[in-house]
Amino acid sequence: MNATTLSRFAPSPTGRLHCGHVCSALNARQLALETGGQFLLRIEDIDFTRCRTEYTEGIFEDLAWLGFQWPVPVRCQSQHLAEYRQTAETLLQRGLLYPCFCTRQEIQREIAAAGGAPHGSEGPLYPGTCRRLSKDEQQFRVNRGDSFALRLDLAAAMATVCRPMEWLDLNRGPQQAAPELLGDVVLVRRDIGCSYHLCVVHDDALQAVTHISRGEDLFEATHLHRLLQELLQLPIPVYQHHSLLRDADGKRLAKRDRAETVQALRQQGLTPADVMHRAGF
Ligand code: GLU
């Protein structure tokens, strides 16, 4: 690591922060501080169906209370949708995305009829139904006004890159990207016009992030992100996937567990040091 380390914490404002987030934020800050680098905060608020301004404000409030500092203005993804559309467009032009008209139920029916499908961290992998549509049929359905998502044509994408695609996980060591873990993922959602995967890769490169610390629930996603970096010719950050914090019953902490939010712990009289301790520091 060197002095140009740039790490980031990139929460989605879909609820108040809990100790799992604090763990990610502290890890990211530590990666930067260890090397005299910088820690960034980014708000990943593309999903207008779930994100709320009050939660964004809650993130600022909780992090400030914990003693974090970050450069302003903070990048909020909802302000940059045109950039993400442009990135998707370049992949589309290269024939690496295809429109998918399937509803969730149709996908489930198709998987059931096929007797199952391989599973990734986001559920069963898409069985490729719409990848097999002819160009004419795609066009017909688009013209008819059928709503669609854009999925990555994984086989087409893999055919354009040199392998192995390597990346480093600070906890698990050198890795070789295996994007087949996620299959033909949706890169442009039909409801919000972009996706976490597309935006996070775009922004980490744009902001010159060198070190990414996040929960191990995103480990499989990193295999896909590495492929997207290759397709878009972006630099490859170093990753660290930390284990997830669990409650007393062994369930991973979620934003819906109100009692475990930083706000609730603070109201119960815990100090910032207590909360950081709970987050494993
Ligand atoms: N916005 C994502 C989340 O809150 C985190 C993304 C990341 O760290 O790459 O789950």
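Numbers here are sequence positions counted from 1. Every number for a ligand or one of its atoms is a count from 1 in the order of the listing.
- At a cut-off of 3.5 Å, with distance as the only test, no side-chain donor of Ser134 or Asp136 sits close to an acceptor on the other residue.
- Among the atoms of Glu44, some N or O lies under 3.5 angstrom from an N or O of ligand 1.
- When hydrophobic clusters are built by joining Ile, Leu, Val, Met, Phe, Trp and Tyr residues whose side-chain heavy atoms come closer than 4.5 Å, directly or via intermediates, Val72 is not grouped with Leu40.
- Annotation for ligand 1: atoms under 4.0 Å from non-hydrogen atoms of Ser12 are 1 (N), 2 (C), 3 (C), 4 (O).
- For ligand 1, the polar-atom distance check finds an N/O of Ala10 within less than 3.5 Å of one of the ligand's N/O atoms.
- Checking Tyr98 against Asp184 by side-chain atom types alone, a donor-acceptor pair falls below 3.5 Å.
- With a 4.0 Å cut-off on non-hydrogen atoms, His225 does not touch ligand 1 at all.
- Contact atoms of ligand 1 toward Arg8: 7 (C), 8 (O), 9 (O) (distance under 4.0 Å to a heavy atom of the residue).
- Aromatic rings from Trp167 and His223 are positioned such that their centres are separated by under 6.0 Å.
- In this structure, Arg141 is positioned above the aromatic face of Phe101, its NZ or CZ under 6.0 Å from the six-membered ring centre and within 45° of the axis.
- Contacts with ligand 1 closer than 4.0 Å are made by backbone heavy atoms (N, CA, C, O) of Pro11 only, the side chain lying farther away.
- For atom 9 (O) of ligand 1, the choice among Gln77, His241, Arg214 with the nearest heavy atom turns out to be Arg214.
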